[in-house]
Asks: 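Here's a structure for you.
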Amino acid sequence: MNFRGAKRWLLLGIALAILASYFSPQFNRYYLGVVIDVGIAIILATSLNLINGHTGQFSLGHAGFMAIGGYFSAWISLSVGESIQAFWYFPLSLCAGGVLAAAVGWLVGVPSLRLRGDYLAIVTLGFGEIIRVIAQNTEAVGAASGLKGIPKLTTLGWAFGFAVITVYAIATLVNSTYGRAFIAVHDDEIAAASHGVNTTRTKVVAFVTGAFFAGIAGGLYAHHKQFLSPTGFDWVKSIDIVVMVILGGMGRTGGVIAAAILLTLMPEFLREFSEYRMIIYSLLIILLMLLRPEGLFSFKTQRRSKS
Amino acid sequence: MSLPLLDLKNVTIKFGGLTAVSDLSISIGEGELVGLIGPNGAGKTTAFNMITGVYQPTSGEISFAGKNTLGVKPNQLAGLGIARTFQNIRLFRSMSVLDNVRVAARLHNHEGFFSSLWRGKRWRSAEVETEKNVMELLDIFNLGDQRDELATSMPYGDQRRLEIVRALATRPKILLLDEPAAGMNPSEKEDLMRLIRFVKERYQLSVLLVEHDMKVVMGICERIAVLEYGIKIAEGNPKEIQSHPKVIEAYLGAAAI
Amino acid sequence: MDWFLQQAINGLGLGAIYALIALGYTMVYGVLRFINFAHSDVLMLGAFTALYVAPQIEKVAGAESPVGCVMVFVVAAAVCACIGMLIERLAYRPLRNRPKLAVLITAIGVSLLIEYTAQNEKVFGSAPQPFPKLLSDYEINLGNLVVSSNDILTVGVTIVLLVAMWWIVQKTRVGTAMRAVSYNQQAAALMGVPVDKIISFTFGLGSALAAIAGVLYAMKAPGIEPLMGVQPGLRAFVAAVLGGIGNLPGAVLGGFLLGLLETFAGGIPGLSNYRDAIAFGILILILLLKPAGLLGRSTIEKV
């Protein structure tokens with residue numbers, strides 16, 4: 001058994017992130033922006049994978065949690081003034097956004113996770129839309145015209161570092177005796193309950209954890225684009241994230257990361273055909289599903305046999 | 001007789017207009033091995049589901065170790081010491097053999113969310129301990145070699161035995177077995193009977209067994225209750241049951257008498 | 001009081017359209033147990049079909065004639081029925097025995113494909129286009145209340161179609177087959193039900209309903225554009241779930257409820273911005289109290 005391995009990977013990833021942020025001023029700004037987009041997408045997809053993939057609870061409201069984290073941390077940044085220069089400020093404000101998203105995730109999750117399948121999907125979609133509508137009507141965050149002038153604090157290092165932490169957290173959780181309950185709930189709720197798994201609590205923990213990381217991703221996104229618009233967090237955004245999880249093969253961490261990278265880069269590659277870009281993108285989704293319905297990167301149904 | 005471990009008093013459950021189990025009273029003492037038999041649709045599995053909290057009875061009382069269990073959730077009942085297997089095997093299909101049992105062993109591994117993230121020393125030793133206990137159980141049932149195989153890819157008989165292992169990993173006081181011999185060949189059935197007796201002694205369990213195979217039931221049960229259309233029609237030791245006129249009628253039809 | 005009644009009348013007109021769209025969602029769901037995300041885009045295609053054929057029909061049947069109007073509806077319904085069956089054949093049928101989520105994502109892909117293709121300047125373009133007048137629209141005054149003939153038409157069509165759908169599902173051979181497929185596909189196939197044909201038929205029917213709803217919606221809307229189906233589609237989807245997805249009267253009930261809710265909320269200043277949030281809020285509340293929807297029956301899981 002290789003218990004220490006996971007932490008070593010975490011340290012390596014963080015070291016790489018620090019290294020990357022040291023060199024990042026030398027990169028082309030456009031590529032830098034795309035790579036940060038990729039990092040944010042990885043956080044979103046991996047965290048949704050905990051809910052949709054590992055735990056099997058179909059959520060369509062991930063963009064809503066992203067919005068909460070984004071708006072909250074951006075609002076803090078616009079309110080605090082001087083101290084945003086401090087090194088510790090940014091991770092703290094991101095975590096504040098994450099915690100608020102997690103708290104809302106708890107409020108949403110406790111009542112709605114009793115529902116199953118399509119019903120859970122529509123309720124989470126509904127909550128996501130409610131969050132968007134509230135943002136659209138709240139003057140403090142710019143209402144419908146959006147929140148402008150957010151300081152540019154997201155760097156390659158922060159985006160990549162948080163992506164590493166997210167992947168580590170979710171992979172280690174799922175590969176522990178505690179976290180195996182997520183997969184048990186996914187496989188068979190009744191059998192899980194009969195063997196002592198508190199299924200409601202397990203689902204809520206997955207939901208809240210996923211919401212926390214979505215909130216962080218939202219904060220990174222806000223301080224990357226420097227502008228937030230409520231329409232950017234509608235249910236189509238949630239669906240984008242769901243597509244990453246499904247293409248990656250539901251519950252396969254590696255596959256989901258690869259899908260997040262691929263789906264973020266694809267529109268960039270298609271930039272030259274801007275007129276047909278989205279048509280090609282949607283055609284690719286259909287074709288991929290028809291040809292590889294178990295996910296792009298699944299080759300054998302071999303999963304998690306060792307810890 | 002000492003105080004019963006599991007006690008059902010006048011338990012009735014209705015689904016819509018259908019009464020699946022009617023006025024069932026049965027009690028199981030500590031260390032007892034009781035059989036529950038009856039034709040298909042007699043309400044045996046429904047009785048299991050009420051004992052394990054999956055269904056709530058419409059009326060009646062169920063108590064376990066002197067504690068009223070009505071309204072207690074299945075996972076809490078598992079914590080109290082009620083474990084079960086399923087008639088239509090319900091293994092965790094995306095997990096290995098080892099992981100299937102580890103889920104059940106979770107009840108006795110007290111590491112939580114943050115310690116599982118941090119993976120400190122205490123977490124590691126708890127993890128090693130859990131795996132050791134699980135492997136011990138798997139080895140008793142000769143499933144140790146298949147620890148890394150996908151549980152649902154194993155032969156049918158092995159899957160049934162894995163269900164028993166998984167139930168035992170919760171360290172129950174009573175084990176409810178729902179047709180454990182279904183789909184097994186005669187020699188596997190012999191092994192199974194031996195194993196049930198063995199684990200009952202070794203872990204000092206009470207066992208409630210639902211089974212269609214009369215050889216198995218008559219061979220190992222100390223006491224047998226017979227259900228027909230949700231009503232208990234007879235109860236007694238194997239000899240008494242075999243010669244009970246109502247039981248013969250239920251199984252062979254009235255013409256046989 | 002007048003204000004209340006007036007809002008109720010407007011709400012019924014709007015709700016009837018939601019109800020029609022929800023009927024289509026629910027029929028497909030009933031047979032295949034999956035949410036056809038492309039449904040709202042078929043609705044848009046129905047409106048655009050009408051936009052293109054209406055001038056041709058006008059030449060034959062004369063301007064704003066009832067016969068011409070019916071012909072427009074029939075053509076739009078027929079075209080969309082074909083499109084619906086085509087989508088099913090090409091995108092969904094190959095995934096019939098695959099995980100449900102794969103089908104769901106494919107449906108989302110189909111939806112995006114139709115939307116982006118339609119938005120291309122060489123197809124419909126993304127700018128709104130005026131919709132031709134199919135029927136002369138007049139207003140009936142009842143005391144202080146105004147009822148538009150359009151709303152009466154919409155409500156009438158919805159009720160007629162609900163009854164027709166109910167009749168097809170409950171009283172005809174095809175309907176029996178549909179229910180059999182819904183209950184158990186394998187068993188139905190073993191009993192000689194042509195499952196593929198039945199599913200295809202259901203898609204055709206659902207898409208025809210969407211087309212009719214699309215034309216009715218276009219007749220009320222200031223203009224039509226490729227994303228016109230998204231908002232009503234989402235609300236109809238909510239309506240279908242609200243009523244108990246898979247349940248025909250439930251879909252219509254949900255549709256009317258949602259339409260009423262929207263107009264009432266829209267009529268109260270300060271609340272109008274929150275219309276969507278209120279609709280979803282009520283849906284969530286109802287699902288939490290009745291997890292299978294208003295008219296849906298909850299099932300006990302067999303253990």
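Computed over heavy atoms, backbone and side chain alike; hydrogens, waters and symmetry mates excluded. Below, read A as the first sequence line, B as the second, and so on, with proteins coming before strands; counting in each chain starts at 1.
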Asks: Find out whether B:Arg160 and B:Thr85 are in side-chain contact, i.e. whether some heavy atom of one side chain is under 4.5 Å from a heavy atom of the other.
Replies: no
Asks: Any chance the rings of A:Trp158 and A:Tyr89 have centres within less than 6.0 Å?
Replies: no
Asks: With chain A as the partner, which of B:Gly79, B:Ala83, B:Ala126, B:Gly112 has the greatest number of non-hydrogen pairs under 4.5 Å?
Replies: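 Option with the greatest count: B:Gly112.
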Asks: Using the six-membered ring wherever Trp is involved, compare the ring planes of B:Phe86 and A:His195 and label them parallel, tilted or perpendicular (cut-offs 30° and 60°).
Replies: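 B:Phe86 vs A:His195 ring planes: tilted.
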Asks: Within the 4.5 Å heavy-atom criterion, are A:Tyr168 and A:Trp9 side-chain neighbours or not?
Replies: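 A:Tyr168 does not reach A:Trp9 side chain to side chain.
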Asks: Would you say that A:Val256 contacts A:Thr253 through its side chain, given a criterion of any heavy-atom pair below 4.5 Å between the two side chains?
Replies: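 The answer is no, as the side chains (C-beta and beyond) never meet within the 4.5 Å cut-off.
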Asks: Output, in order, the C-alpha distance, side-chain angles, deciding distance and verdict of side chain to side chain contact (heavy atoms under 4.5 Å, CB included) for B:Glu127 and B:Asn109.
Replies: CA-CA 8 Å; B:Glu127 228 29 36; B:Asn109 175 322; 3.6 Å; yes
Asks: Less than 4.5 Å to any heavy atom of chain A: does that hold for the side chain of B:Leu107, its backbone, both, or neither?
Replies: side chain
Asks: Before you tell me yes or no, could you show the steps for B:Leu192 and B:Phe141 under side chain to side chain contact (heavy atoms under 4.5 Å, CB included), namely the whole-Å CA-CA distance, both residues' side-chain angles and the distance that decides it to 0.1 Å?
Replies: CA-CA 9 Å; B:Leu192 180 76; B:Phe141 282 73; 5.8 Å; no
Asks: Taking only heavy atoms into account, what residues of residues 98-115 of chain A are found under 4.5 Å from chain B?
Replies: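 Under the 4.5 Å heavy-atom cut-off, nothing qualifies.
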Asks: Do the non-hydrogen side-chain atoms of B:Val217 and B:His212 ever get within less than 4.5 Å of each other?
Replies: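 No; the side chains remain at least 4.5 Å from each other.
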Asks: At a heavy-atom distance under 4.5 Å, which candidate from A:Ala184, A:Ala181, A:Gly179 has the highest pair count against chain B?
Replies: A:Ala184
Asks: A:Ala171, A:Ser176, A:Ala169: which one forms the most heavy-atom pairs within less than 4.5 Å of chain B?
Replies: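 Ranked by heavy-atom pairs under 4.5 Å with chain B, first place is A:Ser176.
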Asks: If we only count heavy atoms from C-beta on, is the A:Phe182 to A:Leu50 side-chain gap below 4.5 Å?
Replies: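 Yes. Closest side-chain heavy atoms under 4.5 Å.
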Asks: Mind checking which of residues 203-212 of chain A sit less than 4.5 Å from chain B, heavy atom to heavy atom?
Replies: A:Val205, A:Thr209
Asks: Evaluate B:Ser94 against A:Asp187 for side-chain hydrogen bond (donor to acceptor under 3.5 Å, both in side chains), listing each step before the verdict.
Replies: CA-CA 7 Å; B:Ser94 66; A:Asp187 281 358; 2.9 Å; yes
Asks: Passes side chain to side chain contact (heavy atoms under 4.5 Å, CB included), B:Ile140 versus B:Leu195? Steps please.
Replies: CA-CA 9 Å; B:Ile140 292 176; B:Leu195 274 170; 4.3 Å; yes
Asks: Side-chain contact test, heavy atoms from C-beta onward, threshold under 4.5 Å: evaluate it for B:Val216 versus B:Met184 and give yes or no.
Replies: no
Asks: Tell me the residues of residues 161-170 of chain B whose non-hydrogen atoms fall below 4.5 Å from those of chain A, in number order.
Replies: B:Arg166, B:Ala167, B:Thr170
Asks: Pair up each side-chain donor or acceptor in residues 62-74 of chain B with any protein partner under 3.5 Å, not counting sequence neighbours, and list the distances.
Replies:
from    : atom 1 : to      : atom 2 : distance (Å)
B:Asn68 : OD1    : B:Leu70 : N      : 3.0
B:Thr69 : OG1    : B:Ile62 : O      : 3.4

Asks: Using a 4.5 Å cut-off on heavy atoms from C-beta on, say whether the side chain of A:His62 contacts that of A:Val245.
Replies: no
Asks: Could you go step by step and tell me if B:Asn75 and A:Thr199 meet the side chain to side chain contact (heavy atoms under 4.5 Å, CB included) rule?
Replies: CA-CA 8 Å; B:Asn75 59 303; A:Thr199 52; 6.0 Å; no
